[in-house]
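Worksheet for the structure shown next.
In this text, all values refer to a predicted model and were calculated from it rather than measured experimentally. FYI, side chains are in, hydrogens and waters are out, and symmetry mates aren't considered; it's all heavy atoms of this structure. In what follows, chains carry the letters A, B, and so on, assigned in the order in which the sequence lines appear, proteins first and then strands, with residues in each chain numbered from 1.
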Amino acid sequence: MTDEIRRNMALFPIGIVMKLTDLTARQIRYYEQHELIIPARTGGNQRLYSFNDVERLLEIKDLIEKGVNIAGIKQVLLPVSKDSEEATVLNEQSEVKRRELTDTQLHRMLKQQLLGGGKRGQVSLIQGELSRFFKK
DNA sequence: TTTCTTACA
DNA sequence: TGTAAGTA
């Protein structure tokens with residue numbers, strides 16, 4: 001899969017990313033501080049972004065516009081640990097406490113909605129559980 | 001000229 | 001977040 005390589009190929013400096021994402025350099029660097037993105041660096045310490053980085057920044061921008069804070073964005077964008085995934089499976093199998101939503105399930109629903117297509121009827125349900133993630 | 005870090009409003 | 005300062 002050489003396409004992966006191309007997508008992760010760091011090519012453009014922050015100036016171009018600013019135009020591509022309509023974000024300010026301040027914001028782009030700020031998101032980097034919070035580890036939402038990790039651009040490569042040149043020998044001169046200049047940041048270099050890849051296509052993947054730009055797409056990720058666009059997602060971040062989307063969430064920001066929807067009123068999600070950094071903590072919330074981290075929940076949505078940061079990779080879900082494998083342990084959580086397995087925990088979900090176990091919980092689903094053990095017909096015990098299968099009444100409440102699993103954190104990872106909720107996580108998927110939120111990401112699905114926040115990032116675009118999301119069934120409106122589901123929103124109200126989510127908003128109630130939202131506190132679990134976007135609390136302070 | 002552009003970008004970087006640090007720091008103050 | 002915006003912006004200023006001093007560099008690289």
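Atoms CD1 and CG, from A/Ile37 and A/Leu57 in turn, are 4.0 Å apart once rounded to the nearest 0.5 Å. Note: A/Asp53 CG to A/Asn8 CG = 7.5 Å, rounded to the nearest 0.5 Å. Summarising the geometry, atom CZ belonging to A/Arg41 is positioned 9.5 Å from atom CG belonging to A/Leu48; distances are rounded to the nearest 0.5 Å.
Consecutive Watson-Crick or G-U pairing (both distances under 3.5 Å) extending over three or more pairs maps onto DNA chain C as B:4-9 with C:1-6.
In this structure, A/Asp62 contributes its side chain and A/Glu59 its backbone to no donor-acceptor pair below 3.5 Å.
Cluster membership check: A/Leu63 shares its hydrophobic cluster with A/Ile70, using side-chain heavy-atom separations under 4.5 Å among Ile, Leu, Val, Met, Phe, Trp and Tyr.
Contact annotation: the side chain of A/Gln27 never approaches that of A/Ile60 to less than 4.5 Å [non-hydrogen atoms, C-beta and beyond]. Within the 4.5 Å cutoff, side-chain heavy atoms of A/Phe12 are placed close to those of A/Val54.
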Protein-proximity profile, nucleotides 1-7 of chain B, B/S/- by nucleotide at the 4.0 Å heavy-atom cutoff, equals --SSB-B
